[in-house]
Amino acid sequence: MQITETSDKKPKLKSLDTLFIQTYGCAMNVYDSSRMSDLMQEAYGLRIVDTPADADVILMNTCSIRENAENKVYSELGRYKKIKDKRPDLIIGVGGCVGQQEGKRIQERAPFVDIVFGPQTYHRLPDMVKEIRRDRVNLTEIDMPEIEKFDHLPKPKVEGLTGYVTIMEGCDKFCTFCIVPYTRGAEISRPPEDILAECRQLIDAGAKDISLLGQNVNAYHCEDTDGNEVGFAELLHLVGELEGMQRLRFSTSHPMEMTTELCEAFAEIPSLMPYLHLPVQSGSDEILKAMHRGHQREDYFKAIDELRLHTPDIALSSDFIVGFPGETEEDFELTLDLVRKVGYDSAFSFKYSPRPGTPAAKAEDDVPEAIKDERLQRLLALLREQSRERMEQQVGKTTDVLVEGKGKNEGDLTGRTPDFRIVHFKGNPRLIGQTLSIQITEAYNMSLRGELIIED
Ligand code: SAH
Ligand code: SF4
Ligand code: F3S
């Protein structure tokens, strides 16, 4: 699509040349921002700039997962307003999950915002920009259309060695604390043929580490063109066996849908990397029930056992929430106990914060802030200790490292192991892009150091 502007308006509008995108939130937002940039480059030939002051179009791709998301957006918008005061032709758009959640309220509070859009309407950005330049109106586009936005997006571009492909989007789980089902909408899976074609393009363009994205990737199910139902484990086989697929990952999966086929897939598909982010949130059955997670702690242990039966070295990570309404000291200790029993390589931990319109927000946020802080610190300390121990266990091992770029120190290169650890080592920059055997010599909290094994 190339948009030609037939503006008979006076004074003549300045041509659009530059775009600045500010991205918050999850990997899917990062993916969406790159698609927005592809769209705007294709339609208007816009060039990406690093500073908002240099941009003709500023887009914010927002996240509303935790506390204060809305306020952060408004304070950032205050800074953009100053730019717009000097250059009234500047176009400001607010997209993403806060856009979806707040809708028209954004332009009520910040009337200088030209466009508000949601995660399901960004494919209309070029048309929205055209419309506001023609009619000088404010637009809000946050309906959740039935039509597939993916059919309206240009082919993805690859930058660097990593690529991302959205395979499903949205969430039907309605965990009581979470805003995602309201901002991303219902679960929709993309046809397997489209996913395979997008992966093919990424591989052909040089991607060596591809991640499949979705709010709950293991809820994936879609018919192929022959009418056969394809589930997530089957999709992994199809994608993982594409010629040239070196490293395949996915995120995020839900404990409720950990099938045997999925647990086995890590051992069966050589390109599927031994790393799994499987958020559990809490180790207490009472809290899991109140969160509406749909499983108990025993189910989680069973899934982990089954994974480790087939892939003993799989690296595990999780998300945790402390201070959910009603969480007692005993509940919290059950979370610590679960962490000790599972043994994580990494994790993300958050203090509960009520989100507007979610069922949990109706209950009293009754765990005092000081207790939330204290629990978070205790959990973080345990997780840090575990992750450090597991890092130490890597010393002496030889592992395949995909070299991603130069390190911070002179002469260093940096890359990733199959289980997603960062490794620094000395090497020639021409090795970037290759997968090399590295012997691990030292462990730190967040990374490893190693030596290149020279084969003779
Ligand atoms: N779909 C993923 C999670 C997406 S949100 C899953 O089901 O696991 C990412 C993480 O943010 C969640 O796992 C949760 O730990 C955290 N989170 C979501 N809502 C939250 C809230 N209201 N307060 C604190 N943390 C929250
Ligand atoms: Fe949110 Fe739960 Fe859906 Fe994850 S599964 S996105 S936590 S509602
Ligand atoms: Fe945030 Fe929306 Fe992603 S709320 S975490 S940007 S799905």
Side-chain angles (χ1 to χ4, degrees), residues 22-33 36 60-70 72-73 94-102 117-120 122 142 144 164 166-188 213-220 250-258 276-283 287-288 290-295 300 303 316-325 327 335 344 346-363 365 367 369 372 375-376 379 383:
Q22 175 85 54
T23 308
Y24 301 89
C26 58
M28 194 172 283
N29 259 18
V30 176
Y31 172 89
D32 288 345
S33 287
M36 288 176 204
M60 284 178 85
N61 193 10
T62 60
C63 169
S64 55
I65 199 79
R66 275 171 292 273
E67 188 168 39
N68 260 328
E70 308 77 41
K72 273 185 231 153
V73 171
V94 178
C97 289
V98 177
Q100 187 68 39
Q101 175 199 316
E102 293 289 286
F117 56 103
Q120 306 308 345
Y122 69 78
I142 55 166
M144 300 229 183
Y164 298 89
T166 294
I167 62 160
M168 62 80 65
E169 199 173 334
C171 184
D172 296 342
K173 304 278 185 296
F174 290 93
C175 300
T176 53
F177 54 82
C178 185
I179 200 151
V180 170
Y182 310 92
T183 60
R184 288 269 167 189
E187 283 172 3
I188 301 174
L213 300 181
Q215 269 72 42
N216 288 298
V217 284
N218 49 344
Y220 177 89
F250 58 81
S251 164
T252 305
S253 39
H254 195 290
M256 229 168 95
E257 282 150 321
M258 287 303 295
L276 179 67
H277 182 62
L278 193 63
V280 66
Q281 317 297 353
S282 168
I287 297 296
L288 287 171
M291 287 176 165
H292 200 256
R293 287 290 287 178
H295 69 88
Y300 191 79
L316 292 171
S317 107
S318 176
D319 294 342
F320 296 95
I321 295 178
V322 299
F324 185 79
E327 187 189 68
T335 300
Y344 288 98
S346 59
F348 302 91
S349 310
F350 311 102
K351 288 189 283 184
Y352 168 75
S353 59
R355 305 306 298 127
T358 59
K362 293 194 188 86
D365 184 11
V367 179
E369 198 54 29
K372 282 186 188 168
R375 287 183 189 163
L376 183 67
L379 178 59
L383 288 163

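Order of listing sets the numbers, starting from 1, for every ligand and every atom in it. For the single chain, residues carry numbers from 1 onward in sequence order. Bear in mind that the values here come from a model prediction, so they are computed numbers and not experimental data. The basis for the numbers below is simple: all heavy atoms, side chains too, and nothing from hydrogens, waters or symmetry mates.
Protein heavy atom nearest atom 1 (Fe) of ligand 2, with residue, atom name and distance: Cys178 SG, 2.3 Å. Given atom 16 (C) of ligand 1, the protein heavy atom at minimum distance is Arg66 NH1, 3.3 Å. Annotation: atom 3 (Fe) of ligand 2 to nearest protein heavy atom, Cys171 SG, 2.2 Å. With hydrogens left out, the protein atom closest to atom 4 (Fe) of ligand 2 is Arg293 NH1, 4.2 Å, a heavy atom.
Ligand 1 lies out of reach of Glu67, whose nearest heavy atom is not under 4.0 Å from it. For the pair Val180 and ligand 1, no heavy-atom separation below 4.0 Å is found. A heavy-atom separation below 4.0 Å is found between Arg293 and ligand 1.
Interface atoms of ligand 2 facing Asn216, defined by a heavy-atom separation under 4.0 Å, are 3 (Fe), 5 (S). Listed by atom number, the atoms of ligand 2 under 4.0 Å from His254 heavy atoms are 5 (S).
Contacts between Cys175 and ligand 2 below 4.0 angstrom, taking non-hydrogen atoms only, involve backbone and side chain alike. Within the 4.0 Å heavy-atom criterion, the part of Ile321 lying near ligand 1 is the side chain and not the backbone.
Here's the thing with Thr252: none of its N/O atoms is less than 3.5 angstrom from an N/O atom of ligand 1.
Of the candidates Thr183, Ile65, Val73, Val98 forms a side chain to side chain contact (heavy atoms under 4.5 Å, CB included) with just one, namely Val73. For the salt bridge (Lys or Arg N to Asp or Glu O under 4.0 Å) with Lys351, the qualifying choice from Glu327, Glu67, Glu369 is Glu369, the only one to do so. Each of Glu257, His292, His254 was compared with Lys173 under the side chain to side chain donor-acceptor pair (under 3.5 Å) criterion, and only Glu257 meets it.
Taking 2.8 Å as the criterion, Cys26 does not count as a coordinating residue of atom 2 (Fe) of ligand 3, since none of its N, O or S atoms falls below it.
His277 and Thr252 are not linked by any side-chain donor-acceptor pair at a separation below 3.5 angstrom, with hydrogens and angles left out of the test.
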